[in-house]
Participant: 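Before I ask anything, here is the structure I am working with.
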Amino acid sequence: MQELVIMWDWLAFAFRWLHVITAIAWIGSSFYFVALDLGLRKVPHLPVGAHGEEWQVHGGGFYHIQKYLVAPANMPDHLIWFKWESYATWLSGAGLLMIVYWAGGELYLIDAGKADLALWQGILISGASLSVGWLVYDFLCKSPLGEKPTLLMVLLFVLLVAMGYGYNQIFTGRAVMLHLGAFTATIMTANVFFIIMPNQRIVVKDLQEGRTPDAKYGKIAKLRSTHNNYLTLPVIFLMLSNHYPLAFATEYNWLIAALVFLMGVTIRHYFNTCHAGTGNPTWTWPVTILLFIAIMALSQAPLVQDTYEDSEARELTQTELAFAGSEHFEDVMNTVPGRCAMCHSREPYYDGIRRAPKNVLLETPADVAKHARQIYLQAGATHAMPPANVTYMEDEERALIRKWYADGAKDLPFYMAGN
């Protein structure tokens with residue numbers, strides 16, 4: 001079982017690594033093409049149908065780029081499509097969501113203090129909400145609002161805020177931010193898969209069959225691509241937020257997410273305007289700073305966590321009962337809180353620590369049993385915790401943690417012991 005748990009953690013790491021790699025590729029190509037599109041210049045003697053051109057220098061060479069709003073007169077022999085960066089990012093993210101928040105849903109997904117739901121119900125809501133978000137967004141884009149891009153962006157913002165608030169009524173703080181990021185990323189990838197790529201295929205087919213492509217397909221794709229451009233930075237923030245309880249563990253996490261979406265708009269507006277050569281909107285700098293200050297202020301609200309008394313009184317889950325029932329649990333309780341609770345407590349007393357890292361609490365028996373897998377991986381299988389071994393955890397204590405985990409997990413199914 002212990003080896004399987006380590007393999008499972010490496011699987012999660014592999015998916016996370018893949019997700020980061022593919023996201024870098026997608027975001028890089030997206031930002032590049034937006035900057036390229038905005039920087040195009042109309043010059044004399046452009047080919048028929050060309051909208052503009054740009055000269056660039058990179059890696060010791062010069063690049064001459066021309067853009068056609070609809071399509072060139074003839075189909076090029078070699079045409080590069082940009083799509084797999086988006087698809088691979090979403091697929092790897094979906095895999096990571098399943099590994100961490102579905103398989104580990106008992107710990108990370110459902111907040112029992114917010115909603116009395118079975119794990120399967122939480123997983124169903126998790127998956128279904130991503131599809132529903134795309135359907136609502138797509139309907140808005142295809143409605144007459146598609147001709148009013150500013151109003152459409154405002155309604156998209158309202159939709160995202162409403163989803164953040166809704167997630168916060170059910171999920172843990174970490175899951176709220178992660179799901180809002182996944183909700184947004186699903187819209188972005190679905191834009192590529194269902195709208196941008198099919199429209200480009202229609203244009204290519206028209207060219208191949210000697211027809212003049214309709215300009216409306218490029219216009220529709222451009223609208224969706226613009227939305228993706230403004231949503232990218234908030235998605236990155238939401239994906240990183242699970243490392244910072246100041247972002248996810250307060251009662252106002254959904255409002256923090258809302259302000260992050262606004263920051264994404266101000267930051268991208270600055271760069272987009274500069275790339276287009278239409279101005280230098282430095283007003284976006286103080287606005288972005290003020291939004292971030294507001295986020296920091298909201299993070300000072302009380303953390304969403306159970307009290308010491310609530311933790312001691314609550315009923316343990318089946319997994320927690322297995323670890324709490326181990327013959328080594330009493331010894332572990334004499335070790336873990338003493339070595340770890342100076343930081344991982346409701347009121348940390350280690351100098352410089354104001355909030356428990358990742359909101360992991362290790363004070364009560366319920367706390368320790370709840371985080372058995374993390375304790376095993378961080379302090380038993382490895383020496384990651386305590387950091388720099390500041391509380392001088394002995395090798396014998398780490399061996400005790402390993403024995404306790406093996407004893408508690410021996411009769412549990414892997415999907416329960418591994419998360």
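When a residue number appears, it is its place in the shown sequence, counting from 1.
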Participant: Are F193 and W90 close enough that their ring centers fall under 6.0 Å?
Facilitator: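 No, too far apart.
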
Participant: Would you indicate whether F31, at its atom CZ, is surrounded by more than 12 heavy atoms from other residues, nucleotides or ligands within a distance under 6.0 Å?
Facilitator: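 For F31, atom CZ is crowded (more than 12 foreign heavy atoms under 6.0 Å).
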
Participant: Answer yes or no: are there more than 12 heavy-atom neighbours, outside H58 itself, under 6.0 Å from its atom NE2?
Facilitator: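 For H58, atom NE2 is not crowded (no more than 12 foreign heavy atoms under 6.0 Å).
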
Participant: Say you draw a straight line from CZ of F13 to CG of L96; how long is it, rounded to the nearest 0.5 Å?
Facilitator: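 Reported to 0.5 Å precision, the distance equals 11.5 Å.
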
Participant: Verify, without hydrogens or angle tests, whether T273 (side chain) and T278 (backbone) share a donor-acceptor contact under 3.5 angstrom.
Facilitator: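 Checked: no pair found.
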
Participant: Return the CZ to OH distance between R224 and Y137, rounded to the nearest 0.5 Å.
Facilitator: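 Between atom CZ of R224 and atom OH of Y137 there are 4.5 Å.
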
Participant: Just by distance, do the side chain of N272 and the backbone of R268 share a donor-acceptor pair under 3.5 Å?
Facilitator: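 It does hold such a pair.
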
Participant: Looking at P337 and V332, what are the two nearest heavy atoms and their distance?
Facilitator: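 Taking every non-hydrogen atom into account, CD-O, 3.8 Å.
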
Participant: If you measure from CG on L135 to CD1 on I187, what distance do you get to the nearest 0.5 Å?
Facilitator: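 It is 10.0 Å, given to the nearest 0.5 Å.
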
Participant: If the threshold is 4.0 Å, N to carboxylate O, is there a salt bridge linking K219 and D214?
Facilitator: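 Looking at D214 together with K219, the answer is no, because their closest N to O distance does not fall below 4.0 Å.
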
Participant: Could you check S225 against N191 for side-chain contact (heavy atoms from CB on, under 4.5 Å), going step by step and ending with a plain yes or no?
Facilitator: CA-CA 8 Å; S225 181; N191 273 337; over 6 Å; no

Participant: Is any side-chain heavy atom of H383 closer than 4.5 Å to a side-chain heavy atom of N389?
Facilitator: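 Result no, sub-4.5 Å side-chain heavy-atom pair not found.
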
Participant: Do the side-chain N and O atoms of H179 and Y101 include a donor-acceptor pair separated by under 3.5 angstrom?
Facilitator: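 Short answer, no.
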
Participant: N359 versus T172: any side-chain heavy-atom pair under 4.5 Å?
Facilitator: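 No, their side chains stay 4.5 Å or more apart.
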
Participant: Can you check whether L377 reaches I6 side chain to side chain, under 4.5 Å on heavy atoms?
Facilitator: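 Contact flag for L377/I6 side chains = yes.
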
Participant: Is there a side-chain contact between R314 and K370 in this structure, where contact means two heavy atoms from C-beta onward sitting under 4.5 Å apart?
Facilitator: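 They are in contact (side-chain heavy atoms under 4.5 Å apart), so the answer is yes.
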
Participant: Give a yes or no on whether the backbone of E54 and the side-chain of R41 come within a donor-acceptor separation of less than 3.5 Å.
Facilitator: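 A pair under 3.5 Å: no.
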
Participant: How about NZ on K205, more than 12 heavy atoms from neighbouring residues, nucleotides or ligands closer than 6.0 Å, or not?
Facilitator: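 Check fails, neighbour count at 12 or below.
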
Participant: How close do A185 and V235 get, counting heavy atoms only, and between which atoms?
Facilitator: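 Heavy atoms of A185 and V235 come nearest at N-CG2, 4.3 Å.
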
Participant: Grab the two heavy atoms, one from A247 and one from I256, that are nearest each other, plus how far apart they are.
Facilitator: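 Nearest heavy atoms, A247 then I256: O-CD1, 3.8 Å.
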
Participant: Donor-acceptor check, side chain of H19 to backbone of S92, threshold 3.5 angstrom: yes or no?
Facilitator: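 Pair absent, no side-chain N/O of H19 close to backbone of S92.
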
Participant: Quick check: are there more than 12 heavy atoms from other residues, nucleotides or ligands sitting under 6.0 Å from CG of D116?
Facilitator: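 Incorrect, the count does not exceed 12.
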
Participant: Would you mind reporting whether T184 and M163 have side-chain heavy atoms less than 4.5 Å apart?
Facilitator: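 Counting from C-beta outward, M163 and T184 never come under 4.5 Å.
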
Participant: Going through the distances and angles, do V176 and F248 end up as a side-chain contact (heavy atoms from CB on, under 4.5 Å)?
Facilitator: CA-CA 8 Å; V176 169; F248 72 77; over 6 Å; no

Participant: More than 12 foreign heavy atoms under 6.0 Å from CZ of F157: is that the case here?
Facilitator: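 Atom CZ in F157 is crowded, with more than 12 foreign heavy atoms closer than 6.0 Å.
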
Participant: Is there a side-chain contact between F171 and I110 (heavy atoms, below 4.5 Å)?
Facilitator: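 Yes, their side chains come closer than 4.5 Å.
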
Participant: Step by step, would you call T288 with Y270 a side-chain contact (heavy atoms from CB on, under 4.5 Å)?
Facilitator: CA-CA 10 Å; T288 303; Y270 174 78; over 6 Å; no

Participant: Hey, are T391 and Y350 close enough side-chain-wise for a donor-acceptor pair under 3.5 Å?
Facilitator: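 There is no such pair between these side chains.
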
Participant: Provide the closest heavy-atom pair for V192 versus P198 in the form atom of the first, atom of the second, distance.
Facilitator: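 Between these two residues, the closest heavy atoms are O-CD, 4.0 Å.
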
Participant: Indicate yes or no for a side-chain donor-acceptor contact from S129 to the backbone of S126 under 3.5 Å, with no hydrogens or angles considered.
Facilitator: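 Yes, the answer is positive, given that a donor and an acceptor are paired below the 3.5 Å cut-off.
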
Participant: Once side-chain hydrogen bond (donor to acceptor under 3.5 Å, both in side chains) is applied, what residue pairs with a partner in residues 232-258 remain, sequence neighbours excluded?
Facilitator: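 Those involving residues 232-258 are N168-N253.
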
Participant: Mind checking whether P234 and M263 have side chains closer than 4.5 Å, heavy atoms only?
Facilitator: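 Side-chain contact under 4.5 Å: no.
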
Participant: Using the ring-ring contact (aromatic ring centres under 6.0 Å, His included) rule, take W55 and F62 through it: C-alpha gap first, then chi angles, then the decisive distance, then the call.
Facilitator: CA-CA 7 Å; W55 284 86; F62 290 85; 7.2 Å; no

Participant: Any luck finding a side-chain donor-acceptor pair between E106 and T317 under 3.5 Å?
Facilitator: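 The answer is yes; a qualifying pair exists.
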
Participant: Under 30°, 30 to 60°, or over 60°: which ring-plane class applies to F323 and Y405, parallel, tilted or perpendicular?
Facilitator: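 Answer is parallel, since the angle falls under 30°.
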
Participant: So, taking the atom named CG in L69 and the one named NZ in K67, what distance separates them when rounded to the nearest 0.5 Å?
Facilitator: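 These two atoms lie 5.5 Å from each other.
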
Participant: Between S311 and E363, do the side chains contain an N or O donor and an N or O acceptor separated by less than 3.5 Å?
Facilitator: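 On atom types as modelled, these side chains do not qualify, holding no pair under 3.5 Å.
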
Participant: To the nearest 0.5 Å, what is the distance between CD1 on I170 and CG on L117?
Facilitator: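 It is 6.0 Å, given to the nearest 0.5 Å.
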
Participant: Please determine whether the number of non-hydrogen atoms from other residues, nucleotides or ligands lying under 6.0 Å from atom NZ of K148 exceeds 12.
Facilitator: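 Counting neighbours around NZ of K148, 12 or fewer heavy atoms of other residues, nucleotides or ligands fall under 6.0 Å, so no.
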
Participant: If you apply the rule side-chain contact (heavy atoms from CB on, under 4.5 Å), what do you find for K142 with I195, and how did you get there?
Facilitator: CA-CA 11 Å; K142 291 178 178 177; I195 303 297; 4.2 Å; yes

Participant: Can you name the closest pair of heavy atoms from R402 and G380 and give their distance?
Facilitator: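 Reported closest heavy-atom pair: NH1-O, 2.9 Å.
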
Participant: What's the separation between atom CZ in R16 and atom CG in L18, rounded to the nearest 0.5 Å?
Facilitator: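 The CZ atom of R16 sits 12.0 Å away from the CG atom of L18.
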
Participant: Got K42 and H51 here, is their nearest side-chain heavy-atom distance under 4.5 Å?
Facilitator: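 Yes, close enough: below the 4.5 Å cut-off.
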
Participant: For a quick test of reading the model, state the closest non-hydrogen atom pair linking P357 to C343 and the distance between them.
Facilitator: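 That closest heavy-atom pairing would be CD-O, 3.7 Å.
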
Participant: Quick check: are there more than 12 heavy atoms from other residues, nucleotides or ligands sitting under 6.0 Å from CH2 of W283?
Facilitator: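 Yes, enclosed.
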
Participant: Please check if atom OH in Y349 has more than 12 non-hydrogen atoms from other residues, nucleotides or ligands closer than 6.0 Å.
Facilitator: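 Counting other residues, nucleotides and ligands, OH of Y349 exceeds 12 neighbours.
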
